[in-house]
Amino acid sequence: LISKDVIVNEEAFNAYLTLHGVTHLHATPTFLERVTLTAGFIRRVASGGEECNRQLADKFYPKYDFYNKYGPTETTVTSLIYKYVRTDTARPTVPIGKPVRNTRVYIMSTSGQLQPLG
């Protein structure tokens with residue numbers, strides 16, 4: 001695992017990514033907001049664990065494929081994913097997406113009732 005000393009040092013972090021040929025970076029929006037990527041191999045940046053704003057997605061797009069992901073914290077599994085494209089400029093946050101392949105997602109009320117679309 002990457003050490004805390006490397007994670008908190010932007011230059012060391014980028015050197016680590018390059019040294020290890022990292023192509024996909026998945027992190028929380030809070031972490032991604034404070035990092036500037038210079039590593040040459042990165043192709044995909046994914047945000048998850050917190051609400052992602054459009055400005056963060058724009059920071060990485062279109063240089064990298066940018067995804068916003070959502071899933072239950074208890075299992076740290078991606079259930080929903082959204083590939084960002086700069087089309088919906090009126091929305092301040094990035095959608096959490098659609099269910100990953102071969103899965104379904106049900107939105108329930110606090111009383112356990114299935115909710116209608118929208």
Side-chain angles (χ1 to χ4, degrees):
L1 294 174
I2 191 170
S3 74
K4 182 179 180 183
D5 292 338
V6 172
I7 289 173
V8 298
N9 179 316
E10 192 168 304
E11 187 175 316
F13 181 69
N14 277 290
Y16 180 94
L17 296 177
T18 300
L19 176 67
H20 294 283
V22 174
T23 58
H24 294 69
L25 175 62
H26 296 224
T28 62
T30 299
F31 180 81
L32 293 172
E33 284 172 356
R34 66 173 191 77
V35 71
T36 301
L37 296 177
T38 59
F41 298 107
I42 296 289
R43 295 189 320 245
R44 174 182 170 170
V45 176
S47 159
E50 303 166 353
E51 185 175 68
C52 179
N53 66 53
R54 196 171 46 80
Q55 290 78 17
L56 178 63
D58 286 341
K59 175 181 174 179
F60 295 101
Y61 177 87
K63 185 173 182 181
Y64 309 102
D65 287 340
F66 187 87
Y67 292 84
N68 192 32
K69 299 166 41 168
Y70 177 84
T73 302
E74 298 80 10
T75 57
T76 63
V77 173
T78 299
S79 300
L80 301 164
I81 191 162
Y82 177 80
K83 184 175 183 181
Y84 180 75
V85 290
R86 197 178 299 154
T87 56
D88 185 1
T89 57
R91 183 184 301 228
T93 58
V94 179
I96 58 174
K98 295 183 178 184
V100 295
R101 290 184 186 171
N102 297 319
T103 67
R104 292 183 180 161
V105 172
Y106 297 96
I107 308 299
M108 311 297 281
S109 70
T110 55
S111 61
Q113 299 299 309
L114 183 62
Q115 297 299 287
L117 293 176

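The residues of the chain are indexed from 1 along the displayed sequence.
Of all heavy-atom pairs between T103 and V100, the closest is OG1-O, 2.5 Å. When all heavy atoms are compared, the tightest approach of M108 to Q115 is C-CG, 3.8 Å. The two atoms that bring T93 and E51 nearest to each other are CG2-CD, 3.5 Å, heavy atoms only. Among all heavy-atom pairs drawn from T78 and L80, the shortest one is CG2-O, 3.4 Å.
Cluster annotation: V85 and F60 are assigned to the same hydrophobic cluster (Ile/Leu/Val/Met/Phe/Trp/Tyr, side-chain heavy-atom contacts under 4.5 Å, transitive). Following chains of ILVMFWY side-chain contacts shorter than 4.5 Å, one cannot reach Y67 starting from F41, and the two form parts of different hydrophobic clusters. Cluster annotation: Y61 is not connected to I81 through the hydrophobic network of ILVMFWY side chains, with a link wherever side-chain heavy atoms come within less than 4.5 Å. Residue V94 is grouped with residue F31 when hydrophobic side chains (ILVMFWY) are merged at heavy-atom distances under 4.5 angstrom, including chains of intermediate members.
No side-chain donor-acceptor contact under 3.5 Å links T28 and T30.
For the pair D58 and Y84, the minimum side-chain heavy-atom distance is below 4.5 Å. Taking the side chain as every heavy atom from C-beta outward, L32 and K59 never approach each other to under 4.5 Å. Taking the side chain as every heavy atom from C-beta outward, F66 and C52 approach each other to under 4.5 Å. The closest side-chain heavy-atom distance from P99 to R104 is not below 4.5 Å.
Side-chain N or O atoms of D65 include none that pairs as donor or acceptor with a backbone N or O of R44 at under 3.5 Å.
For the side chain to side chain contact (heavy atoms under 4.5 Å, CB included) test, residues two or more places apart in sequence or in another chain that qualify with L17 are F13, N14, V22, L37, A39, I42. Scanning for salt bridge (charged side-chain N to carboxylate O under 4.0 Å, His left out) contacts around K98 gives an empty result, with sequence neighbours left out.
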Could you walk me through whether N53 and E33 satisfy the side-chain contact (heavy atoms from CB on, under 4.5 Å) test, starting with their C-alpha distance in whole Å, then the side-chain angles of each, then the deciding distance to 0.1 Å, before giving a yes or no? CA-CA 10 Å; N53 66 53; E33 284 172 356; 3.6 Å; yes
